[in-house]
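Note sheet for the following structure.
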Amino acid sequence: MNIYLLDDIKKLQLHLTYQYQLHQIVKNNQGQSHWQQISTDQFPTLLHEKAQTSIKDFFFAQQENILVFNGEYFQETLPSPNPFVLFGVQSCDLVAVNYQDKFFKNDPYYQARRKHCLLVGLDCISPCEHGFCPTVNAGPGVRSHTADLILHPLVNQPLEKPQWLLIEGSEKGAMAIKHMTIKGQPLETAHWHYLTQRDLTLKACKQKFSDDSHINIAIEKINNNNVSAVFWQKVAIQCIGCSGCTSLCPTCSCYGTRSIKLPNDNISQERFWDSCLYEGFQKEASFHNPTAEAGKRVERFWRHKFSDGIATEFDRYGCVGCGRCEQTCPGVIGVHSIMKRIANDA
Amino acid sequence: MVDDLISTICPYCGVGCGINLKVNELGQLKSVEPQSNHPISQGKLCDKGWSTAYAVTNKNRLTQPLKRIKNEFFPISWDEALSTIAVELNQILDDSGPKSIGIISSARATNEDNYAAQKFTRTVLKSNNIDHCARICHSPTVAGLKQSLGSGAMTNSASEIFDTDLIMVFGADPTENHSILGGHIMQAHLKGCELVVVDPRKTRLAKLANIHLQLNLGSNIALVNAMLHVIIKEKWYDENFINERCNGFKYLAQHVAQLTPVSVEAITGLKAVDIYQAAKHYSQAKRAMIFYGMGITQYMSGTNNVISLANLALICGHIGKNGTGVNPLRGQNNVQGACDMGCLPNVYPGYQSVIDTNIQTKFSNAWQCDLDPLEGLTSMGMTKAALAGDLHALILFGEDPVVTDPDQNHVKASLKKLDLFVVAELSMTETAKLADIILPAASFAEKDGTFTNCERRVQLVNQALEPLGVAMGDWQWLQALAKKMGSDQLNWKTSEDVFNEMTSLNPSYEAMTYQKLAKNHGLQWPCNNENPTGTRLLHANTFPIGKARLISVNHTDIDEPTDDEYPLSLTTNRLHFHYGCGSMTRNSPLLERETPPGILFINPENANTLNIAHLDAIGVKSRRGYIETRAIITGDVPIGLVSMPYHFKEAPSNQLTNTAQDPVTKMPELKACAVSVIPLPKGVEPKSIQQLLEGD
Amino acid sequence: MMLNHIPDSIEIIDYKDDGKDTRHYRFRLLSKTHHSHWHETQAGQFFMLNVPEVGEAPFTFTEPPNEQNEFSALIRKMASVTSALFDLSKGQIVGARGPFGQGWPHTILKDEYILIVAGGCGLAPLVHLINTLIATTENKKIVLIYGARDEQSQMLIAQQKRWLKTITIYHTLDQVSEDSNFNDGFNLLKGTPLDVLPQALSSFNSLPSKVLLCGPEVMMNSIAQTSIGRGIPETSIYLSLERRMHCAVGLCGHCYLGDQYVCKQGPTFSWQQLQSFRSTA
């Protein structure tokens, strides 16, 4: 795979818009970072900040109709989006998409969207609030198999003259920039020593993360069954079942379904994001509920993120260290809070 | 895929969390996310907030005006709807006078809508017959705190939860009803803040608390008086604060001199030593805050309950300083605002009395018309007047009293007697079903305006979607109706115009503008020329009435004790995954799945005696009604007490609840009545109230 | 191979009542567009029934699709999907996806000494298996314990009467009324299946070589533990679990059991498997 030097990122954005709809993280007037489709050629600056909502809903839609029933037959209604590029995705979210790609490998709705997407990753060169990607092997640098193209901001560049490494991560990524030219010239190939510089920068970034030893201690306790049912029951008092963690978690994938009537009186089956923290998640029609106890549900959620069983199946833990649950949990049992309590008290 | 992200305010409870609506390229709302930098919610939402998209875009939304012909509704145009209403209202005004029409506005609508509603009542209909649902949640707060402190709102800001040493939660279940504030309390407690919970039920916070006083229903005053007794006897009160800031200490001290903890053991069901400890912890804490909810207000003694909490805070000097205060947790997103806007029969915007002639003159000059010099009818007064044939027309918006008001049979009967009943709603509610004309209301996502949260923060609501069908915002149709009736009193182009007119008349909102609200993530009133950036903490130097009043109050028994026929006490509670009558939250397939439609919490011992198993179908009977539901067996309610959420139209607790009222505010005693519970035969499904009534 | 979440259309051909709120339904597949394995259905596998405008729920086959594309299921009226189905009449069209999950380990059940314990509706997932075993097995001994709450909630009595020729059947009822029929060939006892377990076990020469369970989880746990206590190996005990399911293909997450999904790795498990999953639950 090739690496290039890039002085003007807007050239890359512009080039990609010839083939793709461009989506990028922007801030709204309240200062909130979120993904937005960029429809003008006034490309916003690349933000080194993860969006509050991960990119999973680009592929695994929050609500979607999966079929239509006309009274006689059921027909699949697959989405057919135009090709789109997610430009500037942080490593945690890319690792999560890679995880979801495996989970939804055979899901036609997920894959119908996914195959139209080009992922342009962006190396993080400083830690973010609540983030701990190095601890769970999900960042801060973009993993090569998780993005089609990788952007790395070169440090030690003067502010007014930023420079980027552009790294091909996949065949698809290479194809996307194959014909890209700048002022009539092909892209400038970068010397391999830039990759060394990238490694050093990422290593330095890793050093700047605060101490996350509680995460590792707690992972071990969870997998050695050293966390008692009583402990889970106690912390679960604080879970108000808001679904915030599962909504923001980039690797959560549970969904519910319901039958709905369409405006034209046809029937559809809708699938929508669900949360295993809801009391009703496993409740059967008979009211039998294997996880009626909140403690069991909270335990299940964290096991799903940190169990070795999952790690064996997916080659990694379910948690990618983005820290979104820590911010959004009203009950103060987001990832750092709970792992600290497991490490210290369980 | 998000095309646009609109920052607005969550439409559910009074906490007023920041929520972003994600609108896709087709202009549809499919999902939401929390605002990460909102001053209160800081990137969090509760389950209700997270499910907002289901509430706004549900298939049951009304999209055009409907007119009832016999028992069926037929779509009509706005023009026809408003003309019909205008003609009938004018006719009723001519025949029976202004007193024969009432308006009930909505604590869920914006300040602008509420301002328009009271102005419509006062300037077009020419009466003060305007009220809203605060009657059944926090009217005793307004009445009680107004007497004690001079102002009926939360004295603190939400952020002060992290600046205090002890939090006392009194008759409130904040993790369920004000989840984000409840979360703040949990967080503060985990960081070391002491937590005292006073509640007959083992609430989530009670399970985490340092002290849980599991008192008998309706014994709040007895408990507080005994605490006052201990604090005074042990000289744990704040003498300087009392001398400088309060009147009436001597009388209060005399009043509670005999009310020892031992003397109230029987009434409260608490051990004297526990009362003593609670008094000690509260009074000795460096800073202490009280939060209270409907477990205080929804009693015949509601106003006095509120006063007794004010007494407690005042003698300990736990008010007027950062991290100290008395805080009602208000139920609806804009119940504070609806009160502030003067949607009350006795006050104009800003709590300015309608019977004060100077104030009358002020409003009369501003609005350039004569005003009714007498107080109007409360919502329950309107119900009574309708039954008596004295009220002929009622316009109601954003409320479902048939489900949420006490004694619903009474409410239904009175609504049926009206000559004209108009309801503006998002979807077909039980109340709307009784209307002559239904107007399709715009949801919060479809309008601009402001909500005022429980910490007095006025926040901007921003339009994200086009109104569904021909739905309209409330002030817009009120304005159109006024025009049809021949009045140009309501004459605004934008919500901002309404707001600006209101701020010119409401001193607490004086210095607010939309620009300033946008810039500051909202502003807390009073926001005037002295406090141009608003006020975090009330009563820092003085009370609006100068010195606060310590008012001696007595315990009164609940109106309907248990007896052989009705051996269990029934109280009401709320579930964190539902809101009000459920007309919004029950559209979420996720929230609707959480429980069967209608439940009763019962202690294992009572269930065992009655031979009831978990989730069995049961019947519940009181002197006023009978409903069927399912039993949830839990130790969270004590023996002898059963509790029922009021969200479910199939099994409305208000078929059962008592209508005995607080003499000051007419607040009904929703929190206590006597019932009997019987198991239904195995395999029998509970019948909904609709089925039960049809069966009669 | 992409998954297909779309039901094939099926027609309600017939139904007849069996016990209280329970019906035998006979369906005919009108299309096999979305699912191609209907004719490979194994005993103990299930399908998702789709009642348009209401929703989906899992049901087991009492008879798998035959050459005429007809299949049967025993369905009890429980909540919205089944209530809506009960309101439909013959000839109406609904949907079905399947077959899903792992069935009973039928290949290792031939010529074995088998104890089957079922509670309530739990007999339904065993019907097809018992029929197959009776029809195909030469040297066999099969004993069935069937427990129900009361006589009204017993089901598949006609079916069981046919089995009586070949196998021994014990009935237990939680509540026995005065007119309970003790004389139609079943060994009837008041109590639960656990109460007749010793008697049933001792009817085998040594011990049953396989134990199959289906019913309330509490019942299955107690029977399994007692059987293990009697020396039956954990690997010889099989049971079928019920869970809430939406997708039936291991995606929606609802039927999780530890790190596994009941719709995919189950619904039949060996006791040994189940214990290892539960330890991660």
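Protein chains get the first letters and strands the later ones, always in sequence-line order, with residue 1 at the start of each.
Here the CZ-OG distance, from A:Phe272 to B:Ser51, works out to 11.5 Å after rounding to the nearest 0.5 Å. Atom CG in B:Leu615 sits 7.0 Å away from atom NZ in A:Lys283 (nearest 0.5 Å). Here the CZ atom belonging to A:Phe281 is positioned 10.0 Å from the CG atom belonging to B:Leu590, to the nearest 0.5 angstrom. Taken to the nearest 0.5 Å, the OG atom of B:Ser36 stands 8.0 Å off from the CD atom of A:Glu49.
Neither the backbone nor the side chain of A:Ala292 comes within contact range of chain B; no heavy atoms are under 4.5 Å apart. Neither the backbone nor the side chain of B:Leu205 comes within less than 4.5 Å of any heavy atom of chain A. For chain B, no part of A:Asn289 is nearby; none of its heavy atoms comes within less than 4.5 Å. With a threshold of 4.5 angstrom between heavy atoms, B:Leu45 approaches chain A through N, CA, C or O but not through any side-chain atom. Neither the backbone nor the side chain of A:Cys325 has a heavy atom closer than 4.5 Å to any heavy atom of chain B. Contacts of A:Asn28 with chain B are made by side-chain atoms alone, with heavy-atom separations under 4.5 Å and no backbone atom involved. Heavy atoms closer than 4.5 Å to chain A are found nowhere in B:His614, neither backbone nor side chain.
Taking each heavy atom of B:Trp50 and A:Cys242 in turn, the nearest pair found is CD1-O, 3.2 Å. Counting all heavy atoms, side chain and backbone alike, A:Thr328 lies closest to B:Lys44 at O-CG, 3.4 Å. Here the closest non-hydrogen pair linking B:Asn587 and A:Arg258 is O-NH1, 3.7 Å. Scanning all heavy atoms of the two residues, the minimum distance from B:Lys207 to A:Ile237 falls at CB-CD1, 4.0 Å. Here the closest heavy-atom approach between residue B:Arg204 and residue A:Cys239 is recorded as NH1-O, 2.8 Å.
By the 4.5 Å heavy-atom criterion applied to side chains, B:Leu5 and A:Gln52 are not counted as neighbours. Here the side chains of B:Asn20 and A:His34 are not in contact, with every heavy-atom distance at 4.5 Å or above. Side chains of B:Leu208 and A:Gln238 form a contact here, defined as non-hydrogen atoms less than 4.5 Å apart. Counting only heavy atoms from C-beta outward, the side chains of B:Lys30 and A:Gln62 never approach each other to under 4.5 Å. Residues A:Gln30 and B:His521 meet the side-chain proximity criterion, which asks for heavy atoms closer than 4.5 Å. For the pair B:Lys22 and A:Thr53, the minimum side-chain heavy-atom distance is below 4.5 Å.
Every residue was checked against the salt bridge (Lys or Arg N to Asp or Glu O under 4.0 Å) condition with B:Asp47, not counting sequence neighbours, and none meets it. Under the side chain to side chain donor-acceptor pair (under 3.5 Å) criterion, A:Gln111 pairs with no residue at all, not counting sequence neighbours.
With respect to chain A, the highest number of heavy-atom pairs below 4.5 Å among B:Gln35, B:Glu33, B:Arg630 belongs to B:Glu33. Per-residue counts of heavy-atom pairs under 4.5 Å with chain B were compared for A:Gly244, A:Ser275, A:Ser243; the largest is that of A:Gly244. The residue among B:Thr175, B:Thr595, B:Leu190 with the most heavy atom pairs within less than 4.5 Å of chain A is B:Leu190. Heavy-atom pairs under 4.5 Å with chain A were tallied for B:Cys46, B:Pro34, B:Gly183, B:Ser7; the largest tally goes to B:Pro34.
When the heavy atoms of residues 247-256 of chain A are compared with those of chain B, the residues falling under 4.5 Å are A:Ser247, A:Leu248, listed by number. The interface of residues 329-337 of chain A with chain B, defined by heavy-atom distances below 4.5 Å, comprises A:Cys329, A:Pro330, A:Gly331, A:Val332.
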Worksheet item: Hey, mind stepping through A:Glu279 and B:Phe577 against side-chain contact (heavy atoms from CB on, under 4.5 Å) and telling me if it holds?
Response: CA-CA 11 Å; A:Glu279 185 178 340; B:Phe577 41 86; 5.6 Å; no
